[in-house]
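Below is one structure; the comments refer to it alone.
This chain uses plain numbering: 1 for the first residue, then up along the sequence.
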Amino acid sequence: MSQDTLQSLFVLGCSHHRTPLEIRECFALGISEVNALQDRLQDTEGLRECLVLDTCNRLEIYGIANSPVVIQKIRGLLCSRYKINPKVFKKHAFQYHSLDVLEHALEVATGLDSQMIGETEILGQMKNAYARAKEAKYTGSVLNRLLEKSFQAAKAVRTQTGITKGRVSIGNIAVHLASRIFGQLQNSRVLLLGSGNVGELIVQALRNCGCTNISVSSRTFESARRMAHAIGGDTIEFESFVDQLHRFDILISATSAPSSILTQKMIQTALQPRLDRPLFLIDLAMPRDIDPAVNTLENVYLYNLDDLSNIVKETLEQRKGEIGKAKKILKTQAWILWLQLRNRTN
């Protein structure tokens, strides 16, 4: 490994920090599309190692490029493939090199770079992305070391600081938002759309606050049935959930649908038999499941992923000391890793 290799290390991407939700939606990829993108990137001449990290709030490409031209090709590929104006992408994207990449990766793995500071889901997502890339032999000695060290650093920070204390999971934030509207949730009727990992987190948080009247609907009926059985809830056929919307007080939508599945007209129809009872909607999907125009309806409360940042601000003040402590640990870890990688050239 040469010094030039370390200087060629880069990360290119966009995240909630500077990229609007409507642009991030264009980069909301399923596993098959992530694999296809990674295959395509690997064919890029001059790109020696590559890993794609895609979550609801970020798309990041880590790699080693022989020249800046290679990174420009990747930018062009992303814009062309996902129909993004290059000027818009340039305005909202970020790009780091060499040591800055190490510090960024460590902060991402630890949850310091997340919309919900200290959240733990991102670590599992990074591990899954790394496992796929490594199995496909898209990573090499540099990215392997970088990702493995990131996982170790995340564990160290969570052990040595209080960064993960408080309301940081998607599930807990969703419950907190619902409580603002309805107060106690024990008597609230809840419909969960989607039966994946995000849905599981939300269901667990709802159960922890005593909410038992939960129905589950998913495109895969068997998955919805298993989850509903585990929580003592009901299962609704996905094809018929729209006709039953009026029965529920809270709708949490977290499907992997490629576009909106709930329109303003659908919600307006569901409101009619509810009289003055509010309807609370939490859209955790990317791309969004619920048409933003729904928010203009009276007595409807719609929150999406970016709205969750308001809850983060409420807990951020008490975490400032822990954030500083965590960043100090990560800077040290990044520098140690940098030296270790450099020493391998000797």
Side-chain angles (χ1 to χ4, degrees), residues 1-15 17-19 23-24 26-55 57-109 113 122 125-151 334 337-338 340-342 344-345:
M1 185 191 309
S2 66
Q3 181 68 19
D4 289 342
T5 297
L6 294 181
Q7 296 297 337
S8 301
L9 179 65
F10 76 92
V11 59
L12 170 67
C14 60
S15 72
H17 287 299
R18 52 188 293 176
T19 310
I23 296 178
R24 300 204 311 272
C26 299
F27 295 116
L29 315 179
I31 292 179
S32 60
E33 177 58 25
V34 169
N35 292 337
L37 173 60
Q38 192 143 301
D39 289 341
R40 179 64 182 84
L41 289 170
Q42 194 64 18
D43 292 335
T44 303
E45 185 177 355
L47 183 64
R48 284 177 280 166
E49 295 188 32
C50 179
L51 179 141
V52 177
L53 174 63
D54 178 71
T55 74
N57 276 322
R58 70 179 69 244
L59 172 68
E60 298 183 349
I61 297 172
Y62 293 81
I64 297 176
N66 287 345
S67 71
V69 174
V70 176
I71 303 177
Q72 290 302 317
K73 288 181 180 179
I74 295 174
R75 283 176 170 267
L77 170 64
L78 291 175
C79 292
S80 173
R81 192 178 184 102
Y82 303 109
K83 298 179 175 56
I84 299 293
N85 185 307
K87 292 183 179 179
V88 173
F89 183 73
K90 182 178 181 180
K91 177 181 178 181
H92 297 294
F94 64 83
Q95 184 175 322
Y96 301 131
H97 298 271
S98 58
L99 179 59
D100 290 338
V101 178
L102 306 186
E103 292 186 1
H104 176 74
L106 267 59
E107 289 193 3
V108 171
D113 195 64
I122 185 63
Q125 292 167 328
M126 287 188 75
K127 287 182 176 179
N128 291 335
Y130 174 51
R132 290 194 299 267
K134 187 177 182 181
E135 182 179 6
K137 301 187 185 305
Y138 291 157
T139 60
S141 58
V142 176
L143 289 187
N144 288 345
R145 182 65 175 165
L146 168 58
L147 271 295
E148 289 164 5
K149 190 64 177 180
S150 296
F151 305 152
L337 174 58
W338 179 258
Q340 290 173 344
L341 291 172
R342 286 185 60 183
R344 290 189 179 189
T345 65

Pairwise distance CH2(W338) to CG(L9) - rounded to 0.5 angstrom: 7.0 Å

L51 and L146, any side-chain heavy atoms less than 4.5 Å apart: no

Mutual orientation of the aromatic rings belonging to Y96 and H104 [parallel < 30°, tilted 30-60°, perpendicular > 60°]: tilted

By side-chain contact (heavy atoms from CB on, under 4.5 Å) - contacts of D43 (at least two apart): R40

Euclidean distance, L337 CG relative to L106 CG, rounded to 0.5 Å: 7.0 Å

Non-neighbouring partners of E103 that pass side-chain hydrogen bond (donor to acceptor under 3.5 Å, both in side chains), sequence neighbours left out: K331

Side-chain donor/acceptor of T19 to backbone N/O of H92, under 3.5 Å: yes

Residues which pass ring-ring contact (aromatic ring centres under 6.0 Å, His included) with F10, listed by chain and number, not counting sequence neighbours: none

Residues which pass side-chain contact (heavy atoms from CB on, under 4.5 Å) with Q42, listed by chain and number, not counting sequence neighbours: C50, Y138

Which residues share a side-chain hydrogen bond (donor to acceptor under 3.5 Å, both in side chains) with N128, sequence neighbours left out: none

Ring centre gap for H17 and F94 strictly below 6.0 Å: no

Residue pairs involving residues 57-85 (criterion salt bridge (charged side-chain N to carboxylate O under 4.0 Å, His left out); sequence neighbours excluded): E33-R81, R58-E60, R58-D113

Spacing of CG belonging to L99 relative to CD belonging to Q7, to within rounding of 0.5 Å: 9.5 Å

Residues forming a side-chain contact (heavy atoms from CB on, under 4.5 Å) with S80, sequence neighbours excluded: none

Which residues share a side-chain contact (heavy atoms from CB on, under 4.5 Å) with A109, sequence neighbours left out: L123, M126, S150, A154

Close side-chain approach of T139 and Y62, heavy atoms under 4.5 Å: no

Backbone of N66 reached by a side-chain donor or acceptor of S8 within 3.5 Å: no

Interatomic distance, L78 atom CG to L59 atom CG [nearest 0.5 angstrom]: 6.5 Å

Interatomic spacing from CG in L41 to CD1 in I61 - rounded to 0.5 Å: 4.5 Å

Point-to-point distance, once rounded to the nearest 0.5 Å, from SG of C79 to CD1 of I74: 12.0 Å

With K127 via salt bridge (Lys or Arg N to Asp or Glu O under 4.0 Å) - residues at least two apart: none

Counterpart residues, salt bridge (Lys or Arg N to Asp or Glu O under 4.0 Å), relative to E49 (two or more places apart): none

Residue pairs fulfilling salt bridge (charged side-chain N to carboxylate O under 4.0 Å, His left out) with at least one residue in residues 89-99, sequence neighbours excluded: none

Which residues share a side-chain hydrogen bond (donor to acceptor under 3.5 Å, both in side chains) with H97, sequence neighbours left out: Q95

